[in-house]
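Scroll down for the structure; my scribbles are underneath it.
Counting convention: from 1, in listed order, for ligands and their atoms alike.
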Amino acid sequence: MAPQRVLVTGAAGFIGNAFLRRLLAERPGVAAMTFDALTYAGHEENLADLPGAERHQFVRGDVAVAADVERALAGFQPDAVVHFAAETHVDRSILQPEPFLRTNILGTQVLLDACREAGIRLVCISTDEVYGSLAAPRRAAPDHPLAPSNVYAATKAAGDLLAQAAFRTHGQDVLVTRSTNNYGPRQMPEKLIPLMILRAHAGESLPVYGHGLQERDWLHVDDHSDGILAALERGQAGATYHFGGGQGRTNLAMVEALLAACGRDGARIEHVRDRPGHDQRYALDDGATREELGWTPVKALEEGLAETIAWYLGHADWCRAVAGDDLRAFLEANYGDR
Ligand code: NAD
Ligand code: TYD
């Protein structure tokens, strides 16, 4: 039977929030709890206008603190946990690794232990970045060797391996999902697409790292959420599922498209110092997942981007609210000297 009480970690952030909205809207019998530490990337604003809000509750807690997790599980009594909470920005992981090790590795182990103790399913949300850079036309299938290039990717790979170890050691009901780059509403404007939309609209320079010919495969966050829901309800314990957008673009092509769509006077592309260890290309082979879960992405990139641009430009209050001092300091540290 599909889970009826679902605890979602990290649902005050980008993808967890989209998933939470999907879950509440499409499963009217489901009750959900958001468990989130509200780091710089988590925003209570994202929990303000939820569909089925009467079936949702929020608790503030840290996945790396066992007592926080155990208290939430004991209070809410979920029959499954979907684990999005993470430190997620590659550039930050290069500057300051420690929170990535703590949340992405220790936090995942804390959840594994607590869910095993409670006898409930845990779905761990991971990323194509664990495979490192792939030369075209290769695509990574779930058994492809892990070769992470930066602290973010390495800590996500560690979390994935801990989940696989829990399955092998204890036969735990845990599964891993990996997706390509997501885009859509409510993504922190430190990530490529919202950053470029807001800077283009403000008539500022658009900082493209290095030559800009690195390729990312873009998946709309609602398509990703549908895949995760299918994995939660129908996935097999111990499995790893892949969700790809099948819509690879170079960063330069993406930024040029965003500039053309929303650039104001003064907005222009500026090639800046490259990210150290910058992965050239990510790509997933998601054929087995599509077949097993019956999942397929439906949002065409051009349509999804137009909607995403309209969302950011129509939510100036949200953008102001999330762009706190921390984000300003980060942007200044990264772009200020270039
Ligand atoms: P995000 O940075 O937008 O949100 C992360 C959320 O986790 C925030 O709400 C934050 O407050 C919360 N959080 C951070 N540390 C926490 C802690 N110690 N305890 C509790 N909550 C904590 O991230 P996102 O882009 O939505 O990514 C969600 C998940 O999806 C991550 O696991 C990420 O690795 C994975 N993923 C992201 C992408 C992408 O393109 N963004 C692609 C593939 C996989
Ligand atoms: P990002 O959104 O940080 O996602 P990820 O590193 O997880 O793929 O970056 C997407 C791509 O865009 C990546 O190749 C780095 C590049 N990039 C820029 O060129 N300029 C920027 O200002 C940012 C934030 C990213």
Next item on the list: Indicate whether any N or O donor in one side chain lies under 3.5 Å from an N or O acceptor in the other, for Trp218 and Asn182.
Entry: no
Check: So, Tyr241 and Glu292: side-chain donor and acceptor under 3.5 Å apart, yes or no?
Finding: yes
Note to self: Is there a polar contact, in the sense of an N or O pair closer than 3.5 Å, between His224 and ligand 1?
What the structure shows: no
Item checked: For Asn181, atoms of ligand 1 separated by under 4.0 Å from a heavy atom -> 40 (O)
Margin query: Considering both backbone and side-chain atoms of His43, is one of its nitrogen or oxygen atoms within less than 3.5 Å of a nitrogen or oxygen in ligand 1?
Written below: no
Item checked: Min heavy-atom dist Met188 to ligand 1 below 4.0 Å -> no
Notebook entry, point to check: For Asp62 and ligand 1, does the shortest N/O to N/O distance drop below 3.5 Å?
Noted result: yes
Notebook entry, point to check: Do Gly13 and ligand 1 have an N or O pair less than 3.5 Å apart?
Noted result: yes
Margin query: Between ligand 1 and Thr180, can you find any atom pair, the residue atom being a heavy atom, that is separated by under 4.0 Å?
Written below: yes
Note to self: For ligand 1 and Ala37, I'd like to know whether there is a polar contact (N/O to N/O, distance under 3.5 Å).
What the structure shows: yes
Item checked: Arg60/Glu44 salt bridge by N-O under 4.0 Å criterion -> no
Checklist line | Ring-ring centroid check His89 Tyr152, cutoff 6.0 Å | finding: no
Notebook entry, point to check: Between Val272 and ligand 2, which part of the residue brings a heavy atom under 4.0 Å of the ligand: side chain, backbone, both or neither?
Noted result: neither
Margin query: Only heavy atoms of Lys191, strictly under 4.0 Å: list the atoms of ligand 2 that pass.
Written below: 2 (O)
Notebook entry, point to check: Does an N or O anywhere in Glu87 fall below 3.5 Å from an N or O of ligand 1?
Noted result: no
Notebook entry, point to check: Between the side chains of Tyr312 and Gln187, is a donor N or O closer than 3.5 angstrom to an acceptor N or O?
Noted result: no
Next item on the list: Enumerate the atoms of ligand 1 whose separation from the nearest heavy atom of Phe84 is less than 4.0 angstrom.
Entry: 28 (C), 29 (C), 31 (C), 32 (O)
Item checked: Proximal candidate to atom 26 (O) of ligand 1 [heavy atom criterion; set Ile15, Leu192, Asn17] -> Ile15
Checklist line | Structural part of Thr39 in contact with ligand 1, heavy atom criterion under 4.0 angstrom | finding: both
Check: Which ligand 1 atoms are under 4.0 Å away from a heavy-atom of Ser126?
Finding: 43 (C), 44 (C)
Next item on the list: Scan side-chain atoms only and decide if Lys191 and Thr88 contain a donor-acceptor pair under the 3.5 Å cut-off.
Entry: yes
Checklist line | Subset of ligand 2 atoms that lie under 4.0 Å from at least one heavy atom of Met196 | finding: 20 (N), 21 (C), 22 (O)
Next item on the list: May I ask you to check whether Arg102 has an N/O atom sitting below 3.5 Å from an N/O atom of ligand 1?
Entry: no
Note to self: Tell me the nearest of Thr108, Thr9, Asp36 to atom 9 (O) of ligand 1, using heavy-atom distances.
What the structure shows: Asp36
Item checked: Ring centre gap for His242 and Tyr131 strictly below 6.0 Å -> yes
Check: Do any N/O atoms on Asp91 end up under 3.5 angstrom from N/O atoms on ligand 2?
Finding: no
Notebook entry, point to check: Is there a nitrogen or oxygen of Phe35 sitting under 3.5 Å from a nitrogen or oxygen of ligand 1?
Noted result: no
Checklist line | Ring-face cation of Arg92 near Tyr40 (centre distance under 6.0 Å, axis angle within 45°) | finding: yes
Checklist line | Contact partition for His89 relative to ligand 1, non-hydrogen atoms under 4.0 Å | finding: neither
Note to self: Polar contacts were defined as any N/O atom of the residue lying under 3.5 Å from an N/O atom of the ligand; does this apply to Ala11 and ligand 1?
What the structure shows: no
Checklist line | Hydrophobic cluster membership, Leu106 vs Val81, 4.5 Å side-chain cutoff | finding: yes
Next item on the list: For Ala41, take its heavy atoms, then give the atoms of ligand 1 lying under 4.0 Å from any of them.
Entry: 2 (O), 8 (C), 9 (O)
Next item on the list: Run the numbers for me: atoms of ligand 2, each under 4.0 Å from some heavy atom of Glu129, listed by number.
Entry: 5 (P), 7 (O), 8 (O)
Checklist line | Pair Arg290 + Asp285: basic N to acidic O under 4.0 Å | finding: no
Next item on the list: Indicate whether any N or O donor in one side chain lies under 3.5 Å from an N or O acceptor in the other, for Ser149 and Asp279.
Entry: yes
Margin query: Considering both backbone and side-chain atoms of Arg216, is one of its nitrogen or oxygen atoms within less than 3.5 Å of a nitrogen or oxygen in ligand 2?
Written below: yes
Next item on the list: Please could you name the atoms of ligand 1 that Leu38 approaches to less than 4.0 Å, counting only its heavy atoms?
Entry: 11 (O)
Check: Hey, which atoms in ligand 1 end up nearer than 4.0 Å to a heavy atom of Ile125?
Finding: 30 (O), 32 (O)
Margin query: Could you check whether any heavy atom of Pro99 sits closer than 4.0 Å to an atom of ligand 1, since that is the contact criterion I want to use?
Written below: no
Next item on the list: Indicate, as side chain, backbone, both or neither, the part of Val90 found under 4.0 angstrom from ligand 2 when only non-hydrogen atoms are considered.
Entry: side chain
Margin query: Would a single hydrophobic cluster contain both Leu24 and Phe58, if residues Ile, Leu, Val, Met, Phe, Trp and Tyr are joined by side-chain heavy-atom contacts under 4.5 Å?
Written below: yes
Notebook entry, point to check: Looking only at N/O atoms, are His278 and ligand 2 under 3.5 Å apart anywhere?
Noted result: yes
Checklist line | Ligand-residue contact atoms, ligand 1 with Thr127, heavy atoms, under 4.0 Å | finding: 43 (C), 44 (C)
Next item on the list: Report yes or no: does Gly61 have a heavy atom closer than 4.0 Å to ligand 1?
Entry: yes
Next item on the list: Select one of side chain, backbone, both or neither to describe which atoms of Glu190 lie under 4.0 Å from any atom of ligand 2, heavy atoms only.
Entry: backbone
Item checked: Which of the ligand 2 atoms, numbered from 1, are nearer than 4.0 Å to a heavy atom of His89 -> 3 (O)
Notebook entry, point to check: Is Leu195 in polar range of ligand 2, meaning some N or O pair under 3.5 Å apart?
Noted result: no
Note to self: Would Asn182 count as being in polar contact with ligand 1, using the rule that some N or O on each side must be under 3.5 angstrom apart?
What the structure shows: yes
Notebook entry, point to check: Can you tell which of Ala86, Gly10, Ala85 gets a heavy atom nearest to atom 14 (C) of ligand 1?
Noted result: Ala86
Next item on the list: Pull out every atom of ligand 2 sitting under 4.0 Å from any heavy atom of Val208, numbered as shown with elements.
Entry: 19 (O)
Item checked: Closest contact, heavy atoms only, His220 versus Gly184 -> NE2-CA, 4.2 Å
Note to self: Is there a polar contact, in the sense of an N or O pair closer than 3.5 Å, between Asn251 and ligand 2?
What the structure shows: yes
Notebook entry, point to check: Which atoms from ligand 2 have a heavy atom of Pro207 less than 4.0 Å away?
Noted result: 18 (C), 19 (O), 20 (N), 21 (C), 22 (O)
Item checked: Side chain, backbone, both or neither: Val255 near ligand 2, heavy atoms under 4.0 Å -> neither
Next item on the list: Identify, by atom number and element, the atoms of ligand 2 in contact range of Asn181, meaning under 4.0 Å from any of its heavy atoms.
Entry: 4 (O), 5 (P), 8 (O)
Notebook entry, point to check: For Tyr183, which of Val221, Leu192, Leu305 qualifies under side-chain contact (heavy atoms from CB on, under 4.5 Å)?
Noted result: Leu305
Notebook entry, point to check: So, does Tyr152 sit close enough to ligand 1 that a heavy atom of it is under 4.0 Å from the ligand?
Noted result: yes
Notebook entry, point to check: Which ligand 1 atoms, with their elements, are less than 4.0 angstrom from a heavy-atom of Ser179?
Noted result: 42 (C), 43 (C)
Next item on the list: Would you check if the side chain of Asn17 reaches a backbone N or O of Asn46 as a donor-acceptor pair within less than 3.5 Å?
Entry: yes
Note to self: Against Phe167, only a single residue in Val176, Val174, Leu175 fulfils side-chain contact (heavy atoms from CB on, under 4.5 Å); can you say which?
What the structure shows: Val174
Item checked: Residue among Leu134, Thr180, Thr127 satisfying side-chain contact (heavy atoms from CB on, under 4.5 Å) with Leu284 -> Thr180
Next item on the list: Would you kindly say whether Gln109 and Asp113 are connected by a side-chain donor-acceptor distance under 3.5 Å?
Entry: yes
